[in-house]
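Read through the structure below, which is laid out as structure tokens, and then see the notes.
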Amino acid sequence: MAQSPRPKRKRTVRKRTTLGLLARLRGNFLTGLVIVAPVGLTIWLIWSVIEIIDAQVVPLVPQIYRPETYGYNVPGFGVIIFLLFTALVGYLARGIFGRQILNWGEALVERMPIVRSIYNGLKQIAETILSQSNNSFKSACLVEYPRRDIWAVAFISTDTKGEVAQKVNEEMVSVFLPTTPNPTSGFLLFVPRRDIILLDMEVEDAAKLIISAGLVTPPTPAERAAGIRVVGK
């Protein structure tokens, strides 16, 4: 008399159930990772910056004014001192006396060959980033780089001016081509306006696209109007 194949069927059902459970756990883990990873990295980055500033600033504060002298540990105490000191310097620099000291210091730096180059470069970068004027990127665009028929996302800075514009007998646009995944580094390109394709996406969305190496795709204007959020197509 033949034996019933029920035990084999039970093992198959258990195997499928186990695989389904593992698939659900994997899906839940990846979903949670998408939520937890950005929050965790943001907190870690902020905390790391606070610790670096504290390590550099707190030793400069006299011992009598430090919280640990009175038994208190205040994380970010160096950040507070740094912000107050920076605000005080800005306040003094607005006055006539402060401006004279600043001009005297810059005149002294101008006499130092290597220090002068470093100072002027850092000053120009800081003024460009922190300026309240219209110095931000205008829009995102596509340019053919590094060769024809290969397109890269870039940011339009401004219309090309100065000697570069005078040397080229064509309407040029200054374009910043960032690198992935670090958009703070990249290349400055002077591209003919006719070779640029403007994008409808916002500059922030283009930055997300670059940082994620193409994994986060911003919605099109039609999808945004319909309330559709696209992440990875």
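Keep in mind that what you see is a predicted model, and the values were worked out from it rather than measured. For reference, positions follow the sequence shown, starting with 1.
- With T160 contributing its side chain and A165 its backbone, the two residues share no donor-acceptor pair below 3.5 Å.
- Within a 6.0 Å radius of CD in Q63, other residues, nucleotides and ligands contribute more than 12 heavy atoms.
- Within 6.0 Å of atom CZ in F176, more than 12 heavy atoms from other residues, nucleotides or ligands are found, so the atom counts as buried in its surroundings.
- The main-chain N or O of R24 is found under 3.5 Å from a side-chain atom of N28 such that the two form a donor-acceptor pair.
- Between the side chains of T179 and S185, at least one donor-acceptor pair of N or O atoms lies under 3.5 Å.
- By the 6.0 Å contact criterion, CD on Q56 is open, its count of non-hydrogen atoms from other residues, nucleotides or ligands being 12 or less.
- At distances below 3.5 Å, at least one donor-acceptor pair connects side-chain atoms of R66 with backbone N or O atoms of V61.
- For D54, there are no side-chain hydrogen bond (donor to acceptor under 3.5 Å, both in side chains) partners, not counting sequence neighbours.
- Atom CD1 of residue I156 and atom CG of residue L199 lie 8.5 Å apart, to the nearest 0.5 angstrom.
- The other members of the hydrophobic cluster of W104, by chain and number, are L108, V109, M112, V115, Y119 (side-chain heavy atoms under 4.5 Å, ILVMFWY only).
- A continuous path of hydrophobic side-chain contacts links V74 to Y70 [ILVMFWY only; heavy atoms under 4.5 Å].
- In this structure, Y65 places its OH atom where only 12 or fewer heavy-atom neighbours from other residues, nucleotides or ligands lie under 6.0 Å away.
- Side-chain atoms of D205 do not come within 3.5 Å of backbone N or O of M201 as any donor-acceptor pair.
- With hydrogens and angles disregarded, a donor-acceptor distance shorter than 3.5 Å links the side chain of T180 to the backbone of I210.
- Under the 4.5 Å side-chain contact rule for hydrophobic residues, V49 and W47 do not share a cluster.
- Dense packing is recorded around CD of E144, with more than 12 heavy atoms of other residues, nucleotides or ligands lying under 6.0 Å away.
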Inset, instruction - Apply salt bridge (Lys or Arg N to Asp or Glu O under 4.0 Å) to the pair R193 and E170, showing each step before the final yes or no. - result: CA-CA 8 Å; R193 186 178 295 275; E170 190 172 359; over 6 Å; no
